[in-house]
Structure formats: C-alpha cells, structure tokens
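All residue numbers refer to positions in the sequence shown, counting from 1. First listed ligand is number 1; within each ligand, the first listed atom is number 1.
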Amino acid sequence: MIGDALKAADPETYAFCRAEERRQDETIRLIPSENYVSKAVLEASSSVFTNKYSEGYPGKRYYEGQQVVDPLEQMTIDRAKALFGAEHANVQPYSGSPANLAVYLAFLKPGDKVMGLALPMGGHLTHGWNVSITGKYFVSVGYGVRKDTCRIDYDEVRDLAKKEKPQLLWAGGTAYPRLWDFPVMASIAKDVGARFVADIAHIAGLVVGGAHPSPVGVADVVTTTTHKTLRGPRGGMILCKTEYAQAIDRAVFPGLQGGPHVHNTAALAVALKEAAQPSFKDYAHQVVTNARAMAEGLMAKGFQVVSGGTDNHLILIDLSNKSVSGKVAAKMLDKAGIELNYNSVPFDTRKPFDPSGIRLGSPSITSRGMKEAEARQVALWIDRVVSQPTEDVAAAVRAEVQELTKKFPAPGIG
Ligand SMILES: *Cc1c(COP(=O)(O)O)cnc(C)c1O
C-alpha cells in the first residue's frame, strides 16, 4: 500500500494511487501482457536508485558515485544470465520496444529488410509494422498464420524468407496462443543468412519456468520485457551470445539511451531472484493450466477460440458468431469487473479499432493464487456478459467478481 508521505504532500496523486490499488485488487485482470509484481519488487522500484545517473556499464561509467550501482547492475546481469542460461545480458533497456530498437541499431542500416509476424496476425508493432519506426526506416515483410489452423506454417515462412532474403528474422508475438518452434526459425534464418531474434516479451516467465521451450542458445539474440509473465518491474532486457555482446551493449548505450533507470534495475534483480525459486516453475505451469481451463470453459459455451485452444498464457477469441463486437464485449466486461482487451483476429474483416476479437490471459489471476476452478468460473462470467450485454447483468457479475477477488488478495496490494 502506498505511503503516508505521498498522502501528505499530494493528496490528489495519492488518491489516484489508492484508487488504482483498489481497482486492481477488485478486478479480474485478464490482459495477458499484465501481471502483479510482489511487494518486494514494488519497494525496490521506488528506491533511491531513481536519484542516480549511471551512463555506461559496470566498471565503465561516465559519472562518479557508482560504488553501489556497479555491483547491483552486475548482480542483476549475473542473475539474468544464470536464470536464462545466456552468455550475455543487457538489463538497461527502458522497455520492450527500446530493447527491440537496439537490435535494429546493432545489426541493420536503414533500408535493410526485416521479417516478422505481421501485426494483424498477432505480431508486435516493433517487428516491422508500417506505423512503427521499424516499418518506416526498414523494409519490412510480414509472415502470417494459416487460415485453416491459425498457426504459423514454418514451410511458408521458409519460402517467404528465401524469396525476400531479410537480414533480420523475428519470432514472437502479442496474440499468438501457440508454442514457437525456435529451432526451425533459427534454421530458416541460417538458410537465408539472416540474424534470428526471438522476442519473448509475453512468454519470458513461461520460458524460465519451463512451460515454454527456450530460445536462448538457439536464437542469435533474445529480447524481452520484464513486466509481463516474468513478473518484474516495467523494463526490457536483451540476452545474446558473447559474439554479439559488444554490438548490443553499444546499441543500447550510447546508441539509443542515456542513463539506465537504476531503480528498475534493482526491482528487476528482485524479480529475477523470485523467478529462480522452485515455486516460480509451479507458477509458470499453473498459468498455462489456467489458460487452458478458461479456454475450455469458453469453448464449451460456444466461443470460437482462435487456433482451437492455447499452449501458453493467452487466449484469442473470435466473437463473430456472437451478437457483440470485440469492443462492445470488452467495454461491458470492464463494467463487470473483468478486464481484457479487444483485439483483431487473423483475417479479421473488421477494423483494428473495432475488431472481431477479444484477447485474454491467465498471468494475473494465477499470481493471485487462482486455479482451474476459478478460471472456469471466469469463463462462465464472460459468457453471461457476452450473451446478455446489459448494465444489469454486468452489475450482477461485478458483485460476484468482488466476492471472489476478496478471497485471493492481489500480490503487492492486498
Ligand atoms: C509487449 C511487447 C513488446 C513491447 O514492450 P513495451 O514494454 O510495451 O515497449 C515487444 N514485443 C512483444 C512481442 C511484446 O509483447
């Protein structure tokens, strides 16, 4: 819970912080890129390291007073390397997008060609989508998923890569509910002379918990956020082979960023320690178990789950057989205390701002200790609201949601 100094100094901001604590505590949070960090991570991220400038890397700084920061950052790097089994780690990227930009800066020149999963097929903006700097400064080719299975067809990716000859090949996405075959992607990159980058922003926690195959040692470079399934503070991280260490480090600083956000480094150190505990393996597997239970519950109620299920933490639903669009459903569910996002589905015939789908996931409810029974209950609530999207139904569901959330206090808050 937020402290007294804030309350005294700025009651307005304090009130917002308290209101958001309450909202996060009383809501079933299903946005698959979100989570709850522990109280320990919150404390580290609000530490006095926010006061410090530390441009450079441990032992090679451009400012004095690094007696404490240097060993902190080195310990964080060492924890990241040990946890992921990586040869090199850079823990300074401000977030996932800057981490990805650093990869472009390390390896490409403007106008070079990149290939990634297209945004409407579940990819990320920074993998070359046209409105992103990565699609404006680089030539970009998007691969997709098969229309019949909604899965990536690696033979198609290989054929496209052979034809297009990209210099950089991305794996990773934001709305892809299936496992990635990193070794096949690596072989495709090798075939065409591309560098292979695996962006595990969404699934990093599953990877370290053994619930998704790891690309470390398979991909040339691995990028990730630290705040999604990994349950760390807002931030990004790059893991790579030793041969790319210098190029990556130079791209992050001085190529792209100034001083690292050392308070987030401290919080990341804590999160990496938490993720190294045996209980985190249980967490990662429970995330997948809960997502599957939710997907099965939804399919039993006639929901069209894209690709027919999930292998990871997220579920994409095509609502075109229901009476509401993704946006209407998401807004009504929000009133019912169930927070998710509207999302395009592959081959969507509707516009991105009012698409056919919703995207949901299990990382946050699993962090609260919820299991399959609760995941199935959430599916029933979603069905009730989507079947009868009225204010009355939303209010009734909301009351039930609040009963359940009381029994599962949110980490860092309750
Ligand atoms: C979330 C995400 C990012 C971007 O992370 P931000 O921290 O929002 O900049 C990059 N790639 C993928 C695959 C993501 O899911």
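Annotation: atom 9 (O) of ligand 1 to nearest protein heavy atom, S97 OG, 2.7 Å. Summary of contacts: the protein heavy atom closest to atom 11 (N) of ligand 1 is D199 OD2, 2.6 Å. Ranking the protein heavy atoms by distance from atom 7 (O) of ligand 1 puts S95 OG, 2.4 Å first. Nearest protein neighbour of atom 3 (C) of ligand 1, counting heavy atoms only, is H124 NE2, 3.2 Å.
Distances below 4.0 Å separate heavy atoms of A201 from the following atoms of ligand 1: 2 (C), 11 (N), 12 (C), 13 (C), 14 (C), 15 (O).
Ring geometry, Y244 versus F107: the interplanar angle exceeds 60°, so the pair is classed perpendicular (tilted spans 30 to 60°). Using cut-offs of 30° and 60° on the angle between ring planes, the pair F353 and Y342 is perpendicular. The aromatic rings of Y104 and W170 lie tilted to each other, with the angle between the two planes from 30° to 60°.
Residue T174 places no N or O, backbone or side chain, under 3.5 Å from any N or O of ligand 1. Ligand 1 has a nitrogen or oxygen under 3.5 angstrom from a nitrogen or oxygen of G96.
Considering each of H202, K228, H227, H127, the one bringing a non-hydrogen atom nearest atom 2 (C) of ligand 1 is K228.
Residue contacts with ligand 1 leave out R234, since none of its heavy atoms falls under 4.0 Å from the ligand. For the pair G172 and ligand 1, no heavy-atom separation below 4.0 Å is found.
Ion pairing between a basic and an acidic side chain is recognised when a charged N comes within 4.0 Å of a carboxylate O; D25 and R368 show such pairing.
Partner of E34 under the side chain to side chain donor-acceptor pair (under 3.5 Å) criterion, chosen from K228, H227, R29: R29.
Proximity of K241 to D220: side-chain heavy atoms (C-beta onward) are separated by under 4.5 Å at one or more points.
Of the heavy atoms in N100, only side-chain atoms (C-beta onward) come closer than 4.0 Å to ligand 1.
Note: F253 and Y62 meet the aromatic proximity criterion, with ring centroids under 6.0 Å apart.
Counting all heavy atoms, side chain and backbone alike, L72 lies closest to A269 at CD1-CB, 4.4 Å.
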